[in-house]
Amino acid sequence: MNPIKAVKGTRDILPPSSAVWNHVESVAREVFRTYNYHEIRTPIFEETALFTRGVGEDTDIVGKEMYTFPDRDNTSLTLRPENTASVMRAYIEHRLDQIPGVKKYYYIGPMFRRERPQKGRFRQFYQIGAEAIGSDSPIVDAEVIEMVVEVLKRSGIEKFHLMINSVGDHKCRPAYMALLKEKLKDAAPKMCADCQRRAVTNPLRVLDCKVPEDQPIIDTLPSILDHLCEECTAHFASVRAHLDARGIPYEVRPRMVRGLDYYMRTTFEITHGSLGAQNSVLGGGRYDGLAESLGSKVPAPGIGFSIGEDRLVMSVEDAYPEKHKPVVDVFLATLGDAADLHAGALAADLREAGLSVERSVDKKLKRALEVANKMGARFALIVGDNEIANQTYLLKDMSSTVQESLTRDQLVARIKK
RNA sequence: GCGGCUGUAGCUCAGCUGGUAGUAGCGCCAGAUUGUGAUUCUGGAAGUCAUGGGUUCAAAUCCCAUCAGCCGCCCCA
């Protein structure tokens with residue numbers, strides 16, 4: 001019988017790497033708090049219709065990547081492939097529009113997509129995301145972008161690249177799409193095989209083609225930014241002005257395309273060099289029409305992003321290759337049964353003081369110190385019959401090898417010094 | 001979903017044109033007497049050579065399939 005292994009595209013996050021995950025998450029929570037974002041937890045699975053309607057029937061995610069299964073009553077359920085649709089569902093369901101001001105939520109958790117795994121791409125992956133709902137003000141767009149940039153910086157990574165674009169709204173985008181398709185009728189046949197396919201299935205993708213020979217042709221295609229309506233043009237200009245005012249560097253990428261149908265107006269993406277082909281650490285954008293497409297009578301304009309936590313952790317580990325080894329403050333080495341019983345209270349004292357304490361399970365002192373050393377313990381506390389009799393304990397500094405005899409009351413102060 | 005590369009001890013790997021696996025490094029365990037580690041010395045355990053078939057007198061080594069990982073495509077976080 002073969003041992004069971006984690007299924008393809010899933011993995012275990014073990015120490016010491018799990019410490020990096022915690023670091024990234026606590027940085028994000030702290031930054032979000034200062035922008036008045038608060039946590040929302042939505043279910044891991046939802047009715048399939050939420051995603052088909054929210055994310056879009058024709059997207060790759062809905063078309064071929066969802067984990068969908070029938071419930072026992074045959075309702076079609078789906079493991080969430082992203083979380084914005086769920087957050088919007090909750091917003092509508094709980095009438096959160098009734099709360100005054102801009103509603104700001106963040107989430108951290110696993111998402112599921114059945115793709116071919118490779119570096120930085122998993123079937124169960126984690127996203128740290130935030131959504132600001134209830135305003136279409138460009139101030140919110142700029143603030144959301146500023147906030148996520150702050151999360152990246154405070155996580156410890158540098159050299160990331162912010163790209164922004166506007167993809168228009170329901171008024172100007174259809175006209176642009178029609179124009180693009182018109183131009184592609186002539187242009188596409190001269191382009192690569194992928195582009196010929198994209199020209200039919202997903203014309204915007206043509207703009208993102210990386211084949212060098214196609215670039216001159218792409219340059220002749222119309223840019224979305226030249227075909228925005230007045231409102232969208234003004235909105236985008238304002239987003240940029242706010243980013244400029246905050247000194248946040250970005251690149252305007254008229255050809256940047258996002259894969260989810262609900263995006264409109266502002267879209268953005270941040271890439272990082274250490275990630276390989278899946279170099280996007282985060283993506284986001286505005287989704288002013290999403291609420292309506294989920295059946296809401298009340299409009300709920302919003303903007304959000306999601307960070308690929310797996311990729312952010314990779315970048316952070318790349319920036320700090322040294323191991324995040326767990327710290328043991330005191331390794332309690334006991335000699336004999338009496339000492340074992342006696343040491344429990346000592347350990348409790350130290351833990352009460354906030355120190356991390358590990359107890360020896362070996363009979364021999366030599367072995368205990370060996371283990372303490374391998375764990376990287378700062379101190380060893382030796383307790384044997386002599387110590388119990390004298391009521392003083394031997395505290396050994398593992399790096400200097402100096403040891404001193406201390407009473408129970410002196411221990412904490414000495415260790416914390 | 002498509003294409004390419006890879007898969008030998010816990011980890012990193014050696015193993016030439018097939019002859020039945022390594023004094024390898026790190027790690028792990030034990031010992032060098034009685035209560036002292038990180039340096040030293042000695043010894044030890046551990047591998048269905050990813051899995052399943054096939055060719056052969058003989059396969060880790062050749063062939064096929066499957067699985068997994070990596071790289072690229074598609075797409076995305």
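Below, chain A is the first sequence line, B the second, and so on; all start at residue 1.
At least one side-chain heavy atom of A/Met191 sits less than 4.5 Å from a side-chain heavy atom of A/Ile218. With contacts defined as side-chain heavy-atom distances shorter than 4.5 Å, the pair A/Val140/A/Arg286 qualifies.
Looking at which nucleotide of RNA chain B each of A/Glu82 and A/Lys8 is closest to, the 5′-most match is held by A/Lys8. For the pair A/Val7 and A/Val281, both in contact range of RNA chain B, the more 5′-proximal nearest nucleotide belongs to A/Val7.
Judged as a side-chain contact (heavy atoms from CB on, under 4.5 Å), and not counting sequence neighbours, the contacts of A/Leu225 are A/Asn165, A/Ser166, A/Ser223, A/Leu228, A/Phe236, A/Val252, A/Pro254. Legend: residues meeting side-chain contact (heavy atoms from CB on, under 4.5 Å) with A/Lys396, ordered by chain and number and at least two apart, are A/Ala380, A/Met398, A/Thr401, A/Gln403. Judged as a side chain to side chain donor-acceptor pair (under 3.5 Å), and not counting sequence neighbours, the contacts of A/Glu30 are A/Arg33.
Here A/Arg258 lies in heavy-atom contact (under 4.0 Å) with sugar-phosphate atoms only. At a threshold of 4.0 angstrom between heavy atoms, the contacts of A/Gly129 with the nucleic acid are absent. Across all strands, A/Phe122 comes closer than 4.0 Å to base atoms (heavy-atom distances). A/Gly9 comes within contact range of the sugar-phosphate backbone alone, with a heavy-atom separation under 4.0 Å but no base atom that close. Within 4.0 Å (heavy atoms only), A/Glu115 reaches at least one base atom of the nucleic acid. Here A/Arg121 lies in heavy-atom contact (under 4.0 Å) with a base. Using a 4.0 Å heavy-atom cutoff across all strands shown, A/Arg114 reaches sugar-phosphate atoms only and no base atom.
Sorted by first and then second residue, the ring pair (Phe, Tyr, Trp, His ring centres under 6.0 Å) pairs with a member in residues 164-195 of chain A read A/Tyr176-A/His227; sequence neighbours excluded. Evaluation of the salt bridge (charged side-chain N to carboxylate O under 4.0 Å, His left out) test over residues 9-18 of chain A, restricted to residues two or more places apart or in two chains, returns A/Arg11-A/Asp310. Sorted by first and then second residue, the salt bridge (charged side-chain N to carboxylate O under 4.0 Å, His left out) pairs involving residues 257-268 of chain A (not counting sequence neighbours) are A/Asp169-A/Arg265, A/Arg258-A/Glu269.
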I'd like a list of close polar pairs between nucleotides 7-12 of chain B and the protein, N/O only, cut-off under 3.5 Å.
none

Between N or O atoms, less than 3.5 Å apart, protein on one side and nucleotides 42-47 of chain B on the other: list the pairs.
none

List every contact pair, protein side and nucleotides 3-6 of chain B side both N or O, where the distance is under 3.5 Å.
unit_1: B/G3; atom_1: O6; unit_2: A/Arg116; atom_2: NH2; d: 3.4

Nucleotide by nucleotide, nucleotides 32-38 of chain B touches protein heavy atoms under 4.0 Å in the pattern (B base, S sugar-phosphate only, - none) ---BBBB

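Pair assignment for B/U42 gives B/A30, based on Watson-Crick or G-U wobble hydrogen-bonding distances that are each under 3.5 Å. B/G69 and B/C5 make up a base pair, with Watson-Crick or G-U wobble contacts both under 3.5 Å.
For the residue pair A/Ser86 / A/Glu46, a side-chain donor-acceptor distance below 3.5 Å is found, with atom types taken as modelled. In the model, A/Glu131 has a side-chain atom that pairs as donor or acceptor with a side-chain atom of A/Tyr287 under 3.5 Å.
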For residues 342-361 of chain A, tabulate all N or O donor-acceptor pairs below 3.5 Å that involve a side-chain atom, not counting sequence neighbours.
unit_1: A/His342; atom_1: NE2; unit_2: A/Tyr393; atom_2: OH; d: 2.6
unit_1: A/Asp349; atom_1: OD2; unit_2: A/Arg408; atom_2: NE; d: 2.7
unit_1: A/Asp349; atom_1: OD2; unit_2: A/Arg408; atom_2: NH2; d: 3.3
unit_1: A/Arg351; atom_1: NH2; unit_2: A/Val357; atom_2: O; d: 3.0
unit_1: A/Ser356; atom_1: OG; unit_2: A/Val327; atom_2: O; d: 2.9
unit_1: A/Ser356; atom_1: OG; unit_2: A/Asp329; atom_2: N; d: 3.0
unit_1: A/Arg359; atom_1: NH2; unit_2: A/Asp340; atom_2: O; d: 2.6
unit_1: A/Ser360; atom_1: OG; unit_2: A/Asp362; atom_2: N; d: 3.1
unit_1: A/Ser360; atom_1: OG; unit_2: A/Asp362; atom_2: O; d: 3.4

Would you give me the side-chain donor-acceptor pairs under 3.5 Å for residues 106-113 of chain A, sequence neighbours excluded?
unit_1: A/Tyr106; atom_1: OH; unit_2: A/Arg29; atom_2: NH1; d: 3.1
unit_1: A/Arg113; atom_1: NE; unit_2: A/Pro81; atom_2: O; d: 2.8
unit_1: A/Arg113; atom_1: NH2; unit_2: A/Pro81; atom_2: O; d: 3.0

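Of the C1' atoms belonging to B/G47 and B/G35, the separation is 39 Å, rounded to the nearest Å. Between the P atoms of B/A45 and B/A30, the separation comes to 15 Å (whole Å). Taking atom C1' in both B/G7 and B/U66, one finds a spacing of 13 Å when rounded to whole Å.
Rounded to whole Å, the distance from CG on A/Asp12 to C1' on B/A68 is 14 Å.
For the atom pair CG (A/Asp244) and CD1 (A/Ile248), the distance works out to 9.5 Å, reported to the nearest 0.5 Å.
For A/Lys119, the side-chain atoms get nearest to B/C71 when compared with the rest of B/C71, B/A77, B/G1. Of the candidate nucleotides B/C74, B/A77, B/C75, B/A77 has the atom lying nearest to any side-chain atom of A/Phe125.
By the 30° and 60° cut-offs, the orientation of the rings of A/Tyr37 relative to A/Phe32 is tilted.
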